[in-house]
Amino acid sequence: MTITEKILAAHINKKAVSAGELIDVRIDLALANDITAPLAIQAFNEIGAKRVFHRDRVVLVPDHFTPAKDIPSAEQCKTLREFAKAQRLTYFFEVGQCGIEHVLLPEKGLVLPGEVVIGADSHTCTYGAMGAFSTGVGSTDLGAAMATGRLWLKVPESLKLIYHGRLNPWVSGKDLILYTIGDIGVDGARYHAMEFCGEAIQKLPMSGRFTMANMAIEAGGKNGIIEPDEVTLEFIKPRTKRPYKIYRSDRDAHYSDVKEYDVSKIHPQVALPHIPSNVKDVREVGKIEIDQVVIGSCTNGHLDDLRVAGRILNGRKIASSLRLIVIPATQEIYRQALKEGLIEIFISAGGAVSTPTCGPCLGGHMGVLAEGERALATTNRNFRGRMGHAGSEVYLCSPAVAAASAIRGRICHPEEVVRK
Amino acid sequence: MILEGRIWKFGADVDTDAIIPARYLNQSDPKELAKHAMEDERPEFIKDVKKGDILLADKNFGCGSSREHAPLALKAAGISCIIAKSFARIFFRNSFNLGLPLLESPEASEAIKDGDRVRVDLDTGEIFNLTQRKKFSATPIPAFMQALLKDGGLIPHLRNKRKKRG
């Protein structure tokens, strides 16, 4: 069996499951945010449920339009706050403790290897980086799961993606996943588990692994998953005392397909408008001038991401023709970035630093685009109108490419700005 | 269940930001959401769509975010059914959970034209193009999802199950 099949089997108390089987799984954690929770709470109430299945295992994170950007958003946050209070939820993250859900939950030790996690947010697949099964659902599913602690799902086929070789300078997990989506397309892994492995993955820090699993959904995947190793255990150790179980795929596990990549041939990647699979090598995009650079999001708002950006921006100024917005994903990352002098670097370079929020990634607030404007962002989607006006454009890249391009004023390879 | 309506045809990989842009997600009233369905993709859609109309698309319809607001907006706009070559996974679940039927039929997706009138039999998966007088078949909807549709979605379905249990 694959790691995905093993985790799912364990959550229906069976020895084995196979792809295509419909199962009713026990879930370890249910998550919702300020956009999806109000509908989930409505569903929860309409079923006639009284209590959530476990008050430690239902987590609400108001991160999308917060700090509340307008009155309706404030009302949505209020709905979450009141529900959390009425249900005595242990984990409701108020502004000030809050962060972007998919960076916050691993940081707080709320997600562990071998667990089944569902969230009313498509990027819930992020936690697969820790060897958990995690997937995004809609609000109705989430509302029902909050009540029952269970969810029906189809055991997915697994797609094995093997990354061989050594990474080139300035190439990160973001470049690997963009390259992969460019190769297999936005529905290349539809309904599939994407199992990332190979020596290049083993050498990636947790931040890069989170980035890869995070964007499994951009290839249509049900979940992304990476077998836990020393790097995973090192990450978990200071964050939890809860027990967890590590699963690994069998040597004879069945895969619907196996793809192999030589990462030494992969250079920094950019996804051009208006679909994440429209990917090119950064050296081949031509002269693309930009109006705004965003460094942050559940995909690339990790401390490592800010460190890379800081190294490039240190002592330099951004082009006068653009705005740079940097958003640490959590308060803890923000605080650490302050201690390390990164925030000082960003501000000195001419950038704006925001409190944690999903904000501009989905055109919510903190950097919405006007008609005809072009953004380069470390976020995850570049659909038409994603960051604002339907006549604006979004290009996706790594923090290194974003930082270097902010200095140049146009999309460029980091080595144009700094030698590694 | 038999449905009949005008076809609204869309392309491949229509994402949830196109179906309902995130700028309208600061609330979740279906009627408000419906006012902005497909606003950036095809502005005339919301002006002319009639109750019972059917949406037709190419592959991977509804990719992107998990926002249930997307099928909710289309259903509230009057769409009775969506036919496509294929659907993104979360959108597929969300639609059935809300009682909005989806049918997969690559042939119908290719051949049916925008503005055609179509009759759909949800029990058999048969699609009949009244304008072109042509018949297509879709993958039949699994029995347990038919049950969801009959009750009007997952929530009424769970409520009914509770009632039966007494």
Side-chain angles (χ1 to χ4, degrees), chain A residues 22 34-36 38-40 42-43 46-48 64-65 69-76 119-124 135-144 147-148 152-153 156 185-187 190-191 217-218 220-222 274-275 277 361-364 368 381 383-386 388-391, chain B residues 12-30 32-33 39-41 43 58-72 85-99 142 144-145 148 153-163:
Chain A
L22 277 172
D34 51 317
I35 287 181
T36 58
L39 281 173
Q42 191 184 316
E46 283 174 5
I47 301 167
H64 277 60
F65 293 163
K69 77 184 178 85
D70 53 22
I71 296 168
S73 304
E75 295 292 344
Q76 301 211 112
D121 188 280
S122 60
H123 291 108
T124 303
T135 192
V137 297
S139 294
T140 300
D141 271 331
L142 204 274
T148 61
W152 71 263
L153 51 80
V186 290
D187 60 350
R190 206 170 58 96
Y191 279 86
I217 181 70
E218 266 59 69
K222 184 170 207 153
H274 291 286
I275 194 157
S277 57
C361 171
L362 72 164
V368 177
R381 289 188 180 133
F383 301 136
R384 190 181 302 278
R386 170 75 178 176
H389 195 282
Chain B
D13 303 315
V14 173
D15 59 85
T16 50
D17 281 273
I19 299 170
I20 182 75
R23 59 183 177 273
Y24 301 115
L25 302 186
N26 55 1
Q27 49 80 45
S28 44
D29 174 16
E32 271 307 307
L33 293 168
E39 180 176 284
D40 295 341
E41 186 81 5
D58 202 282
K59 72 171 177 83
N60 201 30
F61 185 83
C63 63
S65 124
S66 69
R67 63 187 71 158
E68 202 162 302
H69 311 67
L72 192 60
K85 271 189 191 164
S86 62
F87 293 92
R89 186 186 67 79
I90 308 177
F91 184 88
F92 188 84
R93 273 187 90 106
N94 287 348
S95 298
F96 280 92
N97 281 345
L98 290 176
F144 79 103
M145 294 188 117
L148 279 188
L154 181 66
I155 299 303
H157 181 68
L158 290 176
R159 262 205 312 250
N160 286 351
K161 261 171 89 175
R162 278 193 175 205
K163 248 187 248 160

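The chains referred to below are lettered A, B, ... by the order of the sequence lines, with proteins before strands, and numbering in each begins at 1. All heavy atoms count here, side chains included; hydrogens, waters and symmetry mates do not. Worth saying up front: this structure is predicted, and the values here are computed from it rather than measured.
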Seminar exercise, completed: If you tally heavy-atom pairs under 4.5 Å between each of A:Pro72, A:Ala390, A:Ala40 and chain B, the highest tally belongs to A:Pro72
For this session: For the pair B:Arg93 and A:Asp141, find out whether any cationic side-chain nitrogen is under 4.0 Å from an anionic carboxylate oxygen.
Result: yes
For this session: Name the region of B:Leu158, side chain, backbone, both or neither, that has any atom closer than 4.5 Å to a heavy atom of chain A.
Result: side chain
Problem set entry | Between B:Ala70, B:Ser86, B:Ala18, the one whose heavy-atom pairs under 4.5 Å with chain A are most numerous | B:Ser86
Problem set entry | Max heavy-atom pair count under 4.5 Å with chain B, selected residue of A:Leu142, A:Leu362, A:Thr140 | A:Thr140
Exercise. Tell me, do A:Ile275 and A:Val186 make a side-chain contact under 4.5 Å, heavy atoms counted?
Worked result: yes
Seminar exercise, completed: Bottom line for A:Phe65: the part with an atom under 4.5 Å from chain B's heavy atoms is side chain
Exercise. Heavy-atom count around A:Arg190 CZ within 6.0 Å, excluding the residue itself: above 12?
Worked result: yes
Exercise. Among A:Val137, A:Val368, A:Thr124, A:Leu39, which residue forms the greatest number of heavy-atom pairs with chain B at distances under 4.5 Å?
Worked result: A:Leu39
Problem set entry | Smallest separation among heavy atoms of A:Thr135 and A:Lys222, with atom names | OG1-O, 2.6 Å
Seminar exercise, completed: Smallest heavy-atom separation, B:Gly64 atom then A:Phe383 atom, equals CA-CE1, 4.0 Å
Exercise. So which part of B:Thr16 gets closer than 4.5 Å to some heavy atom of chain A, the side chain, the backbone, both or neither?
Worked result: neither
For this session: Sort A:Arg386 into side chain, backbone, both or neither according to what part of it lies under 4.5 angstrom from a heavy atom of chain B.
Result: both
For this session: Would you mind telling me which of A:Ala74, A:Gly138, A:Ala144 has the largest number of heavy-atom pairs within less than 4.5 Å of chain B?
Result: A:Gly138
For this session: Over 60° means perpendicular and under 30° means parallel, so classify the ring planes of B:Phe92 and B:Phe96, tilted if in between.
Result: tilted
For this session: With a 4.5 angstrom heavy-atom cut-off, could you sort out which part of A:Ile217 is near chain B: side chain, backbone, both or neither?
Result: side chain
Exercise. Who among B:Asp17, B:Asp40, B:Asn94 has the most heavy-atom pairs with chain A under 4.5 Å?
Worked result: B:Asp17
For this session: Using the side chain to side chain contact (heavy atoms under 4.5 Å, CB included) rule, take A:Cys361 and A:Arg381 through it: C-alpha gap first, then chi angles, then the decisive distance, then the call.
Result: CA-CA 8 Å; A:Cys361 171; A:Arg381 289 188 180 133; 5.9 Å; no
Exercise. Will you find, in the side chains of A:Ser73 and A:Asp70, an N or O donor that is under 3.5 Å from an N or O acceptor?
Worked result: yes
For this session: Answer with side chain, backbone, both or neither: which region of A:Leu153 has an atom nearer than 4.5 Å to a non-hydrogen atom of chain B?
Result: both
Problem set entry | Engaged part of A:Glu46 at the chain B interface, taking heavy atoms whose separation is under 4.5 Å | both
For this session: Below 4.5 Å from any heavy atom of chain A, which atoms of B:Phe91 appear? Answer side chain, backbone, both or neither.
Result: neither
Seminar exercise, completed: Heavy-atom closest pair (B:Ile20 atom, B:Arg67 atom, distance to 0.1 Å) is O-NH1, 2.8 Å
Problem set entry | Contact leader toward chain B among A:Gly48, A:Pro38, A:Gly136, where contacts are heavy-atom pairs under 4.5 Å | A:Gly136
Seminar exercise, completed: For B:Leu72 and B:Ser28 the tightest heavy-atom approach is CD2-O, 4.2 Å
